[in-house]
Structure formats: structure tokens, C-alpha cells
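What follows is a set of notes on a single structure, which appears directly below.
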Amino acid sequence: MSLWRYADRLPVEPLVTLDEGDTPLVRAPCLSSLTGCDVWLKVEGANPTGSFKDRGMTVAVSAAVREGAKAVICASTGNTAASAAAYAARAGVRGAVIVPEGKIATGKLAQALMHGARVVALRGNFDQALTLVRELVERHPMSLVNSVNDFRIEGQKTGAFEVCDQLGEAPDVLCIPVGNAGNVTSWWRGFQEYGAAPELHGYQAAGAAPLVQGAPVESPETVASAIRIGNPARWEDAMNAVTGSRGAIRAVTDAQILAAYELLAAREGVFCEPASAASVAGLLAHGAEGRVVCVLTGHGLKDPQTAMTRASSVIPCDATIEAVENAVMGGG
Ligand code: AN7
């Protein structure tokens with residue numbers, strides 16, 4: 001099964017697919033007892049390249065191939081790049097990705113390179129990369145696969161269908177991280193098409209919270225590199241989504257994000273990347289009521305560096321039974 005079981009609600013045929021979607025929705029007992037809500041986690045890291053981007057990419061690249069495109073391109077904080085590179089490889093078209101130099105997680109860079117994309121490290125941030133890519137596609141026949149491409153939104157709306165089908169009804173609240181704001185736009189479209197209307201609670205990192213401040217942020221900064229975005233392309237759509245759902249977009253600090261990131265891994269057994277933990281950080285900081293689904297947008301393995309910085313150290317040990325006993329039992 002894949003998200004293509006909703007093919008009758010999607011605008012293209014599955015020409016390029018890796019069996020994306022149909023991700024787990026798991027109960028979160030620890031978060032439920034901490035918040036008094038019935039909390040569930042939508043584990044989008046279980047997609048083929050490890051993030052929700054695959055939902056949109058299968059549709060966008062299928063559309064590009066149908067239109068005869070020979071190359072796809074995107075600006076990215078990392079996950080879109082990894083996904084675009086994989087689907088380009090699968091489609092047999094050229095892939096190019098423009099990422100902010102030094103600001104994307106190691107796993108994502110490894111993916112984009114392994115899939116054979118041309119990886120361009122821009123001396124600038126994501127917002128500048130997106131502006132330049134939009135200019136580039138005016139000059140060259142390349143298909144732009146950022147979420148300004150409506151096929152991306154169409155694919156990603158299937159997350160909302162799945163959650164409603166998995167629960168048997170819509171949740172009361174959906175908590176979701178917000179960067180370029182394509183995903184919150186997609187989920188709202190999906191819920192509306194489904195005839196559902198949960199409150200959307202979007203969360204931005206405090207150092208990259210233009211939608212909270214009501215103005216673009218020129219130099220966004222956050223440990224959650226995936227959402228280090230200062231001028232979201234889907235600004236109006238995102239505001240319409242949260243307003244229409246009687247929800248809100250709020251900010252969470254890096255400290256709150258990292259605490260939620262660690263809690264998810266250590267207590268719920270679910271390893272997501274820091275940006276994804278913004279949804280849970282927001283729930284913990286701001287609360288909610290009823291049945292709550294937190295979207296965990298990307299896999300923890302995407303960003304091994306942040307994990308290793310935050311986690312406890314390994315225990316060196318000689319190869320004797322006494323040493324192993326001490327090491328394992330925590331004795332003297
Ligand atoms: C893990 O890859 O923008 O609000 O270029 O990777 O739809 O942008 C990634 C975004 C949340 C925010 N969680 O989603 C990119 C990129 C993770 C992400 C978001 C991203 P949008």
C-alpha cells in the first residue's frame with residue numbers, strides 16, 4: 001500500500017513512485033500522560049527517503065515526467081534535496097539542488113550526493129536559494145519541485161487522508177512544524193477535501209518565526225536546520241489554513257525543540273529530526289485538548305551530528321568479563 005491508494009484524488013498517474021506514504025500512526029503514552037491529551041505521532045520519517053517530502057515529490061516528479069521534463073531542481077534546507085535527488089534518479093532525469101552552505105544535516109547531504117544530483121552549496125540562506133532557483137527556471141527548461149509547485153501540495157495532502165482513515169475520524173488538533181509552509185497548507189487542503197476540520201497548531205523555531213512575528217526574518221537561526229527559513233513561500237496559504245481551522249502559528253525555542261527531541265527518542269522510542277520535534281515542543285509548551293496528532297516530519301538519522309552532540313557518551317571497555325560487568329552494570 002502507498003499513498004497512491006488515493007489516486008482518484010491526485011492529479012497525475014504514479015509514473016515515478018517508491019511506495020511512499022502509508023506511514024505509521026503510533027500512540028504516545030508518555031506525551032499523553034504529560035499533556036492530558038490523547039496524543040498520536042504520525043511518523044513521516046518512515047517514507048522512502050526518510051521525510052514527508054516524498055509524498056509531494058512522487059506527484060511532482062510524475063507530473064514533470066509526463067510533461068517531458070529532462071531535469072528537476074529545487075532549493076532546500078536538506079530534505080527536499082534528498083527527496084528530489086532520489087525521485088530524479090528513479091525517473092532517469094537530471095537532478096540539481098541548491099542548499100545553504102554548511103547548514104544542512106549530514107544525512108541529507110549524503111542522500112542527495114548518492115542519488116547523483118548536482119549539489120550546489122550556496123553562500124547564502126534558504127530564502128536566497130529559493131529566489132535564485134525561481135529565477136533560474138525562468139531561463140532554463142527545468143522543472144521546479146519546491147512546494148511552490150502545486151503538485152507537491154497535492155501529494156502531501158494525503159497525510160491528512162491517512163490520519164483520518166487510521167483514526168477512523170479526524171483528530172481534534174494537528175500539531176505540525178512550519179518552515180516554508182507548504183506542509184501546513186497541504187494538510188489543510190487534505191482535511192478540507194476529507195470533510196474534516198481539526199485545529200491546526202503550527203510551530204516555528206523562535207529564531208526563524210516570520211509567521212509569528214508577521215514579517216520576514218532576514219537572518220533566521222535555529223538548531224532545527226530544516227526549518228531555518230525566514231520568508232515562507234506559502235505565507236498566505238499557511239495563514240489561511242490556521243485561521244480557517246481556528247488554530248494558530250506559534251514559536252518554540254531551540255531549547256524546547258531539543259527537549260522534545262530527546263523525550264521522543266528516550267521515552268517514546270521514536271527518533272525524529274530536530275525540526276520535527278517542534279510539533280511536540282509546541283504541544284508541551286502551549287497545550288491542546290482532545291485527540292492530538294503530532295506530525296514527525298523527518299527521521300532522526302538525517303541529522304546524526306545533532307544527535308551525537310546531545311546524547312550521552314559511549315562507555316569504553318577492555319575485553320574482560322570484569323570490565324564488561326562494570327561497564328554494563330554501571331559499577332565503580
Ligand atoms: C523535517 O527540505 O523546506 O513548512 O527544503 O525538512 O512545508 O517547509 C524542509 C522543511 C518540517 C517544514 N520538517 O515544512 C526543505 C524544507 C522537516 C522539514 C519542514 C521541513 P514546510
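Just so you know, ligand 1 is whichever comes first in the structure, and atom 1 is the first atom listed for that ligand. On a predicted model such as this, the values are computed, not experimentally measured, just so you know.
Within ligand 1, the atoms closer than 4.0 Å to a non-hydrogen atom of Glu273 are 1 (C), numbered from 1 in the order shown. Those atoms of ligand 1 with a heavy atom of Asn183 less than 4.0 angstrom away are 7 (O), 21 (P). Every atom of ligand 1 is numbered from 1 in the order shown, and the set under 4.0 Å from a heavy atom of Ser76 is 2 (O), 5 (O), 15 (C). Listed by number with element, the atoms of ligand 1 under 4.0 angstrom from any heavy atom of Gly182 are 4 (O), 7 (O), 21 (P). Taking every heavy atom of Asn180 and a limit of under 4.0 angstrom, the matching atoms of ligand 1 come to 4 (O), 8 (O), 21 (P). Contact atoms of ligand 1 toward Val178: 4 (O) (distance under 4.0 Å to a heavy atom of the residue). Using a 4.0 Å cut-off to heavy atoms of Ile229, the atoms of ligand 1 that qualify are 3 (O). Residue-ligand proximity, Thr80 to ligand 1, at heavy-atom distances under 4.0 Å covers atoms 2 (O), 5 (O), 15 (C), 16 (C).
For the pair Asp127 (side chain) and Asn231 (backbone), a donor-acceptor distance under 3.5 Å is present. Judged by distance alone, with hydrogens and angles left aside, the side-chain atoms of Arg123 form no donor-acceptor pair with the main-chain N or O of Glu101 at under 3.5 Å. Listed for the Asp22 side chain is no donor-acceptor partner under 3.5 Å among the backbone atoms of Leu3. Side-chain N or O atoms of Asp303 include none that pairs as donor or acceptor with a backbone N or O of Ala105 at under 3.5 Å. Side-chain N or O atoms of Ser245 include one that pairs as donor or acceptor with a backbone N or O of Leu200 at under 3.5 Å. Not a single donor-acceptor pair under 3.5 Å links the side chain of Thr49 to the backbone N or O of Ala82. Proximity of a side-chain donor or acceptor of Tyr261 to a complementary backbone N or O of Ala307 within less than 3.5 Å is detected. Between the side chain of Ser276 and the main chain of Gly298, a donor-acceptor pair closer than 3.5 Å is present.
Note: no N/O pair closer than 3.5 Å links Phe126 and ligand 1 by distance alone. Residue Gln156 places no N or O, backbone or side chain, under 3.5 Å from any N or O of ligand 1. Between Thr77 and ligand 1, at least one pair of N/O atoms sits closer than 3.5 Å. The shortest N or O to N or O distance between Ser276 and ligand 1 is not under 3.5 Å. When only interatomic distances are considered, the shortest N/O to N/O separation between Gly298 and ligand 1 does not fall below 3.5 Å. Inclusion of Ala275 in the set of residues having an N or O under 3.5 Å from an N or O of ligand 1 is not warranted.
Here the side chains of Ile227 and Thr77 are not in contact, with every heavy-atom distance at 4.5 Å or above.
Grouping Ile, Leu, Val, Met, Phe, Trp and Tyr residues whose side-chain heavy atoms lie under 4.5 Å apart, directly or via other members, places Leu284 in a hydrophobic cluster with Val26, Leu31, Leu34, Val39, Leu41, Val43, Val173, Leu263, Leu264, Val270, Val280, Leu283, Val292, Leu296.
Among protein heavy atoms, the minimum distance from atom 6 (O) of ligand 1 is reached at Asn79 ND2, 2.8 Å. When only non-hydrogen protein atoms are considered, atom 13 (N) of ligand 1 lies nearest to Thr297 OG1, 2.6 Å. With respect to atom 14 (O) of ligand 1, the closest heavy atom belonging to the protein is Phe52 CZ, 3.5 Å. Scanning the protein for heavy atoms near atom 18 (C) of ligand 1, the closest one is Ala226 CB, 3.5 Å. Of all protein heavy atoms, the one lying nearest to atom 19 (C) of ligand 1 is Ile227 CG2, 3.6 Å.
Relative orientation of the His201 and Tyr203 rings is perpendicular, given thresholds of 30° and 60° on the angle between their planes.
Ligand 1 does not have Ser51 within reach: every non-hydrogen atom of the residue lies 4.0 Å or more from it. Using 4.0 Å as the threshold, Gly78 has a heavy atom nearer than that to some atom of ligand 1.
Taking each of Gln204, His299, Lys53 in turn, the one with a heavy atom nearest to atom 3 (O) of ligand 1 proves to be Lys53.
Counting heavy-atom neighbours within 6.0 Å of Glu67 CD, excluding the residue itself, gives a total above 12. The environment of Leu132 atom CG is dense: over 12 non-hydrogen atoms of other residues, nucleotides or ligands sit within 6.0 angstrom.
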